[in-house]
Participant: 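Just passing along the structure, written as structure tokens.
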Protein chains: 2
Amino acid sequence: MDYTRDNMAGLLRSHDINPTHQRIEIAHALFSRQEHLSADQVMAIVNTRHSETSKATVYNTLKLFLEKGLVREVIVDPSKVFYDPNTSPHHHLYEVDSGKLSDIDAGHVQISGLPPLPEGMVTEGIDLIVRVRRNG
Amino acid sequence: MDYTRDNMAGLLRSHDINPTHQRIEIAHALFSRQEHLSADQVMAIVNTRHSETSKATVYNTLKLFLEKGLVREVIVDPSKVFYDPNTSPHHHLYEVDSGKLSDIDAGHVQISGLPPLPEGMVTEGIDLIVRVRRNG
DNA sequence: TCCGGATATTAGACAAAGTCCAGATCCGTG
DNA sequence: CACGGATCTGGACTTTGTCTAATATCCGGA
């Protein structure tokens with residue numbers, strides 16, 4: 001399937017999100033690129049051509065997508081949050097110098113030996129981040 | 001060993017850091033508590049009694065400690081960075097609602113099946129963060 | 001079609017974390 | 001004591017993100 005705006009509308013509906021203009025544009029920005037984008041970058045992309053979308057809307061929409069499970073939040077850079085359109089289980093590779101962030105398929109990664117959780121707690125997610133640096 | 005200010009001076013010297021007043025206070029704040037603290041919290045602790053230490057110095061000093069390998073940076077909360085006086089290999093448990101951050105000993109945790117790194121890259125560290133939520 | 005309420009969007013003020021800089025201060029050495 | 005390098009400082013500034021009150025849009029029913 002490709003990431004036409006029409007398909008975006010369907011994707012949003014299937015996640016119980018009312019597909020508005022702005023939401024479709026934002027979803028399209030994320031999904032057509034299949035990349036990790038910050039709110040900043042999303043805003044820049046969405047506003048390149050013409051259709052002005054406000055900062056508040058970008059932030060609101062990304063938060064909404066997150067709640068509805070459409071995207072994932074990736075916290076690796078101390079100064080900004082990235083949004084990840086890939087919600088299948090996977091981990092991240094972060095290049096410290098360049099800030100480049102890429103996926104590591106969870107397929108063959110095994111994590112074992114974690115201690116039991118504290119009473120009354122449930123896991124919300126496990127983030128594995130491999131920080132790498134150019135060998136200088 | 002306990003975390004007297006005198007011992008802090010030694011610790012700093014052994015990490016090639018000139019032990020000044022402010023640096024000793026900041027190190028003491030972190031090590032005597034053995035807790036994860038944000039820059040904010042460090043500043044608050046250091047300035048409770050009297051000795052005014054400026055924001056710039058707190059930030060500079062924490063960055064210096066980080067470079068010299070005295071502390072570790074923990075990036076879990078999108079709004080602030082935590083500094084961790086425990087530099088032995090370990091992971092983190094993050095309670096999403098409360099913001100509480102605790103250590104998971106790396107002792108029995110095994111991570112296997114990671115793909116090879118891209119050419120010319122070296123691992124700087126692997127961060128494993130277990131995000132938990134109160135079972136409501 | 002027109003109306004009204006619910007849902008979305010907006011601009012801009014605001015907040016918090018962190019950076020930056022130019023001047024002041026400290027401290028060891030000659 | 002004077003000098004110079006290292007350190008510290010206040011405060012302005014930047015960036016990311018939040019909040020709010022006003023406006024715009026959508027949609028179902030009369």
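So that the names make sense, note that chain A is the first sequence line, chain B the second, and so on, each numbered from 1.
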Participant: Rounded to whole angstroms, how far apart are NZ on A:K63 and C1' on C:dT9?
Facilitator: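 Atom-to-atom, A:K63 to C:dT9, this comes out as 15 Å.
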
Participant: Step by step, work out the side-chain contact (heavy atoms from CB on, under 4.5 Å) result for B:D127 and A:V76.
Facilitator: CA-CA 10 Å; B:D127 293 357; A:V76 283; over 6 Å; no

Participant: Quick check: on DNA chain C, is the nucleotide nearest B:S79 upstream (toward 5') of the one nearest B:A56, or the reverse? Name the residue that is more 5'.
Facilitator: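 Going by which nucleotide is closer to the 5' end, it is B:S79.
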
Participant: Does A:Y59 have a side-chain nitrogen or oxygen under 4.0 Å from the phosphate oxygens OP1 or OP2 of D:dG17?
Facilitator: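 The answer is yes; a side-chain N or O of A:Y59 sits under 4.0 Å from OP1 or OP2.
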
Participant: Under a 3.5 Å distance rule, please check whether A:R23 uses its side chain to pair with a backbone N or O of A:P19 as donor and acceptor.
Facilitator: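 Answer holds: no.
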
Participant: To the nearest Å, how far apart are B:I17 CD1 and D:dA6 C1'?
Facilitator: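 One finds 14 Å between C1' of D:dA6 and CD1 of B:I17, rounded.
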
Participant: Using a 4.0 Å heavy-atom cut-off, does B:T57 contact any base of the nucleic acid, only the sugar-phosphate backbone, or nothing at all?
Facilitator: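 It contacts base atoms.
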
Participant: How many Å lie between CD on B:E52 and P on D:dT9, as a whole number?
Facilitator: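 Rounded to the whole Å, the gap is 9 Å.
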
Participant: At 4.0 Å (heavy atoms only), tell me whether A:S38 reaches a base, stays on the sugar-phosphate, or touches nothing.
Facilitator: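 Here A:S38 touches no strand at all.
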
Participant: Tell me whether the OP1 or OP2 atom of C:dT9 has a side-chain N or O from A:T20 closer than 4.0 Å.
Facilitator: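 For C:dT9, OP1 or OP2 has a side-chain N or O of A:T20 closer than 4.0 Å.
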
Participant: Please state how far atom CG in B:D77 lies from atom P in D:dT18, giving the value in whole angstrom units.
Facilitator: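 In whole Å, D:dT18 P and B:D77 CG are 11 Å from each other.
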
Participant: Should we count CD of A:Q110 as having more than 12 external heavy atoms under 6.0 Å?
Facilitator: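 Incorrect, the count does not exceed 12.
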
Participant: Measure the distance from CZ on A:R23 to P on D:dA24 and round it to the nearest whole Å.
Facilitator: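 The answer, rounded to whole Å, is 19 Å.
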
Participant: From CD of A:Q41 over to P of D:dG17, roughly how many Å is that when rounded to an integer?
Facilitator: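 Computing the A:Q41:CD to D:dG17:P distance gives 11 Å.
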
Participant: Would the distance check show the side chain of A:H28 and the main-chain N or O of A:Y3 forming a donor-acceptor pair, the cut-off being under 3.5 Å?
Facilitator: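 It does hold such a pair.
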
Participant: Indicate yes or no for a side-chain donor-acceptor contact from B:N7 to the backbone of B:D2 under 3.5 Å, with no hydrogens or angles considered.
Facilitator: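 Indeed, once roles are kept as given, a pair shorter than 3.5 Å links the two residues.
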
Participant: Starting at NZ of B:K68 and ending at C1' of D:dA6, how long is that distance when rounded to a whole Å?
Facilitator: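 Taking atom C1' of D:dA6 as the reference, NZ of B:K68 is at 13 Å.
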
Participant: So which one's nearest nucleotide on DNA chain D is more toward 5', B:P78 or B:N60?
Facilitator: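 Its nearest nucleotide lies further toward 5', so the answer is B:N60.
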
Participant: Do A:K55 side-chain and D:dG17 base share a donor-acceptor contact under 3.5 Å?
Facilitator: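 Flag set: donor-acceptor pair detected.
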
Participant: Between P on D:dT7 and CG on B:L64, what's the gap in Å once rounded to a whole number?
Facilitator: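 Checked: the CG to P distance equals 8 Å.
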
Participant: Counting only side-chain N and O atoms of B:N18, is one of them less than 4.0 Å from OP1 or OP2 of D:dT7?
Facilitator: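 Looking at the OP1 and OP2 atoms of D:dT7, one of them is under 4.0 Å from a side-chain N or O of B:N18.
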
Participant: OP1 or OP2 of D:dT25 less than 4.0 angstrom from a side-chain nitrogen or oxygen of A:Q22, does that happen here?
Facilitator: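 Result: no.
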
